[in-house]
Engineer: 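First, the structure itself, so that you have it in front of you.
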Amino acid sequence: MSDLDLFSFGPQPSGEPERSYPRRDRIIDGRPLRQTWDLLDAPLQGARTFSTGLWRSEVGEWAIAFGPTEREVFTVLEGRCRIRRDDGSHEEAGPGQTLHIPPGFTGSFQVLEPVLKVYVIVE
């Protein structure tokens, strides 16, 4: 890593992604393939980790639970997703929209249309 790093986001990210599926005990609907292109993992003053990259997922829904110091900000590049709180209320995001998931959040992540997002996670 240099003092400046350039990342390009096109319709098809370059390189091989990490492939995963939601844990079976967290699946609410479907069993979506998720692909992650982790572009940067670095220490951040006052935080344990800072990571950013691209993430793509097929349609489905699964439970999520953030730790007490973990937060994520992401911008949807393609598709549509919904973050549902435990009380049933939710926020949806489509292309060009950004969502913040705060520390301690519990609920679910629902992919309504195959989604590609750029994310930043700080813990």
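Please read all numbers here as calculations on a predicted model, not as lab measurements. Reckoned from all heavy atoms, side chains included, excluding hydrogens, waters and symmetry mates. For the single chain, residues carry numbers from 1 onward in sequence order.
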Engineer: With sequence neighbours excluded, what pairs up with Ser89 under the side chain to side chain donor-acceptor pair (under 3.5 Å) test?
Structural biologist: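 So Ser89 forms a side chain to side chain donor-acceptor pair (under 3.5 Å) with Arg85, Asp87.
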Engineer: Taking the side chain as C-beta and beyond, is there a heavy-atom pair between Tyr119 and Leu99 under 4.5 Å?
Structural biologist: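 With C-beta onward as the side chain, the pair stays apart.
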Engineer: In the single-linkage hydrophobic clustering (I, L, V, M, F, W, Y; side-chain heavy atoms under 4.5 Å), do Phe74 and Leu39 co-cluster?
Structural biologist: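 They do not share one cluster, since no chain of ILVMFWY contacts under 4.5 Å joins Phe74 to Leu39.
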Engineer: Can you tell me how far apart OH (Tyr21) and CD (Glu58) are? Round to the nearest 0.5 Å.
Structural biologist: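 The distance works out to 6.5 Å.
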Engineer: When you compare the side chain of Thr36 with that of Trp55, does any pair of heavy atoms fall below 4.5 Å?
Structural biologist: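 With C-beta onward as the side chain, the pair touches.
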Engineer: Taking all non-hydrogen atoms of both residues into account, name the closest pair between Pro68 and Pro103 and its distance.
Structural biologist: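 Residues Pro68 and Pro103, closest heavy atoms: O-CB, 3.2 Å.
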Engineer: Quick check: is Val118 connected to Ile101 through a chain of hydrophobic side chains (ILVMFWY, heavy atoms under 4.5 Å apart)?
Structural biologist: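 Not linked; separate clusters.
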Engineer: Nearest 0.5 angstrom please: Arg71 CZ to Ile121 CD1, how far?
Structural biologist: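 Here the rounded value is 12.5 Å.
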Engineer: Is there side-chain contact between Val120 and Ser51, with heavy atoms separated by less than 4.5 Å?
Structural biologist: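 The answer is no, as the side chains (C-beta and beyond) never meet within the 4.5 Å cut-off.
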Engineer: Any side-chain heavy-atom pair from Leu54 and Leu77 closer than 4.5 angstrom?
Structural biologist: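 Leu54 vs Leu77: side chains touch.
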Engineer: Find the distance between CD (Glu91) and SG (Cys81) and round it off to the nearest 0.5 Å.
Structural biologist: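 One finds 11.0 Å between CD of Glu91 and SG of Cys81.
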Engineer: Salt bridge check: are Glu72 and Lys117 linked by an N-O gap of less than 4.0 Å?
Structural biologist: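 Yes, Glu72 and Lys117 are salt-bridged.
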Engineer: Within the structure provided, determine whether Phe109 and Arg34 are in side-chain contact (heavy-atom separation under 4.5 Å).
Structural biologist: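 Phe109 vs Arg34: side chains apart.
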Engineer: For a 4.5 angstrom cut-off between non-hydrogen side-chain atoms, does Thr106 reach Ile64?
Structural biologist: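 When only atoms from C-beta onward are counted, Ile64 and Thr106 do not touch, as no gap falls below 4.5 Å.
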Engineer: Of all residues at least two apart in sequence or in a different chain, which pass the side chain to side chain contact (heavy atoms under 4.5 Å, CB included) check with Pro17?
Structural biologist: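 Side chain to side chain contact (heavy atoms under 4.5 Å, CB included) list for Pro17, sorted by chain: Arg19, Gln35, Trp37.
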Engineer: Honestly curious: do Trp62 and Leu116 fall in one hydrophobic cluster under the side-chain, below-4.5 Å linking rule?
Structural biologist: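 No; Leu116 is not reachable from Trp62 via cluster members.
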Engineer: The criterion is side chain to side chain contact (heavy atoms under 4.5 Å, CB included); which residues satisfy it with Ile27, sequence neighbours excluded?
Structural biologist: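 So Ile27 forms a side chain to side chain contact (heavy atoms under 4.5 Å, CB included) with Pro22, Arg31.
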Engineer: Quick one: does Ile83's side chain get under 4.5 Å of Phe105's, heavy atoms only?
Structural biologist: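 Result yes, sub-4.5 Å side-chain heavy-atom pair found.
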Engineer: Taking the side chain as every heavy atom from C-beta outward, state whether Leu112 and Glu92 have any pair of such atoms under 4.5 Å apart.
Structural biologist: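 They are in contact (side-chain heavy atoms under 4.5 Å apart), so the answer is yes.
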Engineer: Take Thr98 and Val73 through the test side chain to side chain contact (heavy atoms under 4.5 Å, CB included) and record every step on the way to the result.
Structural biologist: CA-CA 7 Å; Thr98 299; Val73 175; 3.6 Å; yes
Engineer: Do you reckon Val76 sits in the same ILVMFWY cluster as Leu33, going by side-chain contacts under 4.5 Å, direct or chained?
Structural biologist: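 As far as the 4.5 Å side-chain criterion goes, Leu33 and Val76 are not connected within one cluster.
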Engineer: Got a second to check how far Arg80's CZ is from Glu113's CD, nearest 0.5 Å?
Structural biologist: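 Interatomic distance, Arg80 CZ to Glu113 CD, rounded to 0.5 Å: 7.0 Å.
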Engineer: Report yes or no: does Ser57 contribute a side-chain atom to a donor-acceptor pair with the main-chain N or O of Val115 at less than 3.5 Å?
Structural biologist: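 Not confirmed, Ser57 side chain does not pair with Val115 backbone.
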Engineer: Show your working on side-chain hydrogen bond (donor to acceptor under 3.5 Å, both in side chains) between Ser108 and Glu61 and close with a plain yes or no.
Structural biologist: CA-CA 7 Å; Ser108 68; Glu61 184 176 8; 2.7 Å; yes
